Amino acid sequence: MKVLFLESHPMFIHGLPGGFRDLGHEVMVSGPLTEKNILSILTTFKPDLIGMLGWTEEHTPIKLYWVFHYVKPTGIPLFFWATEDPTHTPTFTLPLIRLLHPDFVFTICPSAVEYYQGMGIKSAHLDFGYHSSVHHRTDPQNYYRCAIAVVANAYPDILADHPQHYRIESLDILIKPLVTHQIRVDFWGRDWNRMQKFMECDIPTEWIHGYIPYTEVNKIYSSADIVVGLQNHRTQMTQRTYEILGSGGFLLTNNTQEIRHWFEPGKELIVSSSPEETLEMVHYYTEHPEEREMIRKQGIAAAVPHSYKFRAQQIIYTLKQQGVLDSRIS
């Protein structure tokens with residue numbers, strides 16, 4: 001099968017497309033979309049399935065109109081993977097669906113499936129994953145060596161607009177106690193210098209390293225003693241959960257039901273339910289590197305069933321079951 005992804009963002013082009021390649025399918029990634037190249041790609045590549053993912057520069061209204069205008073007449077099945085649910089369902093995902101008219105919508109939010117189906121939109125749950133081409137273990141690198149690492153954008157504006165967002169609680173449990181107790185955390189990502197409101201103190205400038213390319217982050221996960229993985233929802237897991245584990249990082253994250261459903265705390269990762277527990281965990285595992293190493297290795301094995309190869313299999317199976325893809329396609 002020929003699969004076309006209309007996307008250019010590194011976070012997405014290095015993930016799910018690789019899963020389809022692993023299954024033996026021929027995959028093309030469009031890169032930045034123009035009206036001219038959409039038509040050219042459709043004509044020359046002649047895909048059997050087309051996917052759009054996430055919330056990126058390829059999802060402007062004019063680009064979505066071009067995709068709808070040129071793809072819909074071909075009859076080629078088009079799916080969209082909604083990775084911003086539920087926070088941005090009404091403000092982003094629904095407007096996109098109305099412009100794009102995809103044949104199927106996958107969503108990272110289980111509760112959104114029934115919502116979409118109630119609107120007559122074919123939908124199913126599809127979680128994040130990781131791909132070993134970019135998220136694999138490397139030798140620790142001196143440049144990234146640190147005791148505790150965070151790789152994430154801070155999103156102070158979004159948190160200010162959504163004061164009930166679980167990410168704020170995640171910050172309060174996992175990061176705030178470390179910063180307020182002056183335990184060094186090295187931050188990679190945007191806007192950590194604007195988080196005083198949420199930290200109740202300034203993060204020292206020398207702890208903040210700014211943006212890092214997506215294809216470099218596994219080097220941090222491989223070089224830090226402990227990687228703190230924030231969560232955005234109690235009932236979902238962030239993409240970095242899988243990426244940290246797949247990269248052989250020693251993950252400290254929130255003690256949620258979803259984490260416990262898929263992973264075994266104390267064996268494949270460690271979890272915290274309170275600021276006090278975070279401090280205890282950090283102190284304990286800092287002093288017990290042999291236990292960190294054992295958990296880290298078991299975390300790699302635990303991540304394997306969440307590779308994008310298996311997510312691609314899930315997509316194909318679901319689309320065949322729903323009559324979107326020919327049942328003869330393997």
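This is a predicted model, so every value here is computed, not measured.
Side-chain rings of Phe310 and His306 stay apart, their centers remaining 6.0 Å or farther from each other. For Tyr308 and Tyr130, the gap between ring centers reaches or exceeds 6.0 Å. In this structure, Tyr214 has its ring center closer than 6.0 angstrom to the ring center of His135. Aromatic rings from Phe92 and Trp55 are positioned such that their centres are separated by under 6.0 Å. Centroid-to-centroid, the aromatic rings of Phe106 and Phe80 stay 6.0 Å apart or farther. Taking the six-membered ring for Trp, His209 and Tyr143 have ring centres at least 6.0 Å apart. Between His233 and His165, a ring centre-to-centre spacing shorter than 6.0 Å is recorded. The aromatic ring centres of Phe5 and Phe20 sit less than 6.0 Å apart.
Atoms CZ and CD1, from Arg167 and Ile158 in turn, are 8.5 Å apart once rounded to the nearest 0.5 Å. Atom OG of Ser8 and atom CG of Leu33 lie 7.0 Å apart (nearest 0.5 Å). How far CG of Leu319 is from NZ of Lys122: 9.5 Å, rounded to the nearest 0.5 Å. The OG1 atom of Thr91 sits 10.5 Å away from atom CG of Asp161, with the distance rounded to the nearest 0.5 Å.
A donor atom on one side chain and an acceptor atom on the other are not found under 3.5 Å apart for Asn218 and Ser247. Defined by atom type and a distance below 3.5 Å, a donor-acceptor pair is present between the side-chain atoms of Thr241 and Thr238. In the model, Gln231 has a side-chain atom that pairs as donor or acceptor with a side-chain atom of Thr253 under 3.5 Å.
For the pair Met28 and Pro47, the minimum side-chain heavy-atom distance is 4.5 Å or more. Considering only heavy atoms from C-beta on, Glu291 comes within 4.5 Å of Tyr284 through its side chain. In this structure, the side chains of Lys320 and Asp326 stay at 4.5 Å or more apart for every pair of heavy atoms. Inter-residue side-chain proximity for Phe12 and Thr56 is flagged as met; some heavy-atom pair is nearer than 4.5 Å. In this structure the side chain of Ser272 never reaches within 4.5 angstrom of the side chain of Asn255, judged on heavy atoms. Looking at Phe79 and Ile50, their side chains never come closer than 4.5 Å, going by heavy atoms from C-beta outward. Residues Leu42 and Leu4 form a side-chain contact, since some pair of their non-hydrogen atoms from C-beta on lies under 4.5 Å apart.
Listed by first and then second residue, the salt bridge (charged side-chain N to carboxylate O under 4.0 Å, His left out) pairs involving residues 68-85 are Lys72-Asp103 (not counting sequence neighbours). Among pairs with a residue in residues 174-188, those fulfilling salt bridge (charged side-chain N to carboxylate O under 4.0 Å, His left out) read Lys176-Glu200, Arg184-Asp186, at least two apart in sequence or across chains. Under the salt bridge (charged side-chain N to carboxylate O under 4.0 Å, His left out) criterion, no residue pair touches residues 12-32, with sequence neighbours excluded. Contacts classified as salt bridge (charged side-chain N to carboxylate O under 4.0 Å, His left out) and involving residues 233-246 (residues at least two apart or in different chains) are given here: Glu169-Arg234.
Under the 3.5 Å distance criterion, the side-chain polar atoms of Gln321 are left unmatched by any main-chain donor or acceptor of Tyr317. Gln314 places a side-chain N or O within 3.5 Å of a backbone atom of His125 that can act as its donor or acceptor partner. Not one N or O on the side chain of Gln322 forms a donor-acceptor pair closer than 3.5 Å with the backbone of Val324.
Tracing side-chain contacts under 4.5 Å through hydrophobic residues (I, L, V, M, F, W, Y), one never reaches Tyr166 starting from Phe198; they form parts of separate clusters. By the rule that hydrophobic residues join a cluster once side-chain heavy atoms approach within less than 4.5 Å of another member, Met52 and Phe104 end up as members of separate clusters. In the hydrophobic clustering of ILVMFWY residues, with side-chain heavy atoms under 4.5 Å counting as a link, Leu252 and Tyr285 come out together. Cluster membership check: Met294 does not share its hydrophobic cluster with Val304, using side-chain heavy-atom separations under 4.5 Å among Ile, Leu, Val, Met, Phe, Trp and Tyr. Put simply, Leu174 and Trp192 are part of the same group of oily side chains (I, L, V, M, F, W, Y) that touch within less than 4.5 Å, one to the next.
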Next item on the list: Quick one: do Phe128 and Trp81 satisfy ring pair (Phe, Tyr, Trp, His ring centres under 6.0 Å)? Show the steps, please.
Entry: CA-CA 10 Å; Phe128 285 121; Trp81 186 24; 5.6 Å; yes
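The number of heavy-atom neighbours closer than 6.0 Å to CD of Glu57, taken from other residues, nucleotides and ligands shown, is 12 or below. Taking a 6.0 Å sphere around CH2 of Trp262, one finds it holds 12 or fewer heavy atoms contributed by other residues, nucleotides or ligands. No more than 12 heavy atoms of other residues, nucleotides or ligands shown are found within 6.0 angstrom of CD on Glu114. Shown here is Glu290, whose CD atom has more than 12 heavy atoms of other residues, nucleotides or ligands within 6.0 Å.
Applying the salt bridge (Lys or Arg N to Asp or Glu O under 4.0 Å) criterion to Arg145, with sequence neighbours excluded, gives Asp225. Listed by chain and number, the residues in a salt bridge (Lys or Arg N to Asp or Glu O under 4.0 Å) with Asp191 are Arg194 (sequence neighbours excluded). Listed by chain and residue number, Tyr144, Val151, Trp188, Glu216, Val217, Ile220 satisfy the side-chain contact (heavy atoms from CB on, under 4.5 Å) test with Ile212 (two or more places apart in sequence, or in another chain). Remark: Val227 engages Tyr221, Ala224, Ile244 in a side-chain contact (heavy atoms from CB on, under 4.5 Å) (not counting sequence neighbours). Partners of Glu58 under the salt bridge (Lys or Arg N to Asp or Glu O under 4.0 Å) rule, at least two apart in sequence or in another chain, are Lys63. Ile183 pairs by the side-chain contact (heavy atoms from CB on, under 4.5 Å) definition with Ile148, Leu178, His181, Leu279, His283, not counting sequence neighbours. For Asp139, there are no side-chain hydrogen bond (donor to acceptor under 3.5 Å, both in side chains) partners two or more places apart in sequence or in a different chain. Residues satisfying the salt bridge (Lys or Arg N to Asp or Glu O under 4.0 Å) criterion with Lys297, sequence neighbours excluded, are Glu293.
Heavy-atom minimum distance, Arg137 versus Gly248: NH1-O, 2.7 Å. The two residues Gly19 and His131 come nearest to each other via the heavy atoms N-CD2, 3.7 Å. Smallest separation of non-hydrogen atoms from Pro95 and Pro90: CD-O, 3.4 Å. Residues Ala160 and Lys197 approach most closely at CB-NZ, 4.1 Å, considering heavy atoms. Leu78 and Gly51 make their closest contact through CD1-N, 4.5 Å (heavy atoms, listed as atom of the first residue, atom of the second, distance). When every heavy atom of His59 is checked against every heavy atom of Leu64, the shortest pair comes out as O-CD1, 3.6 Å.
Of the residues Val271, Leu269, Ile295, Ile259, the one that meets the side-chain contact (heavy atoms from CB on, under 4.5 Å) test with Leu251 is Leu269.
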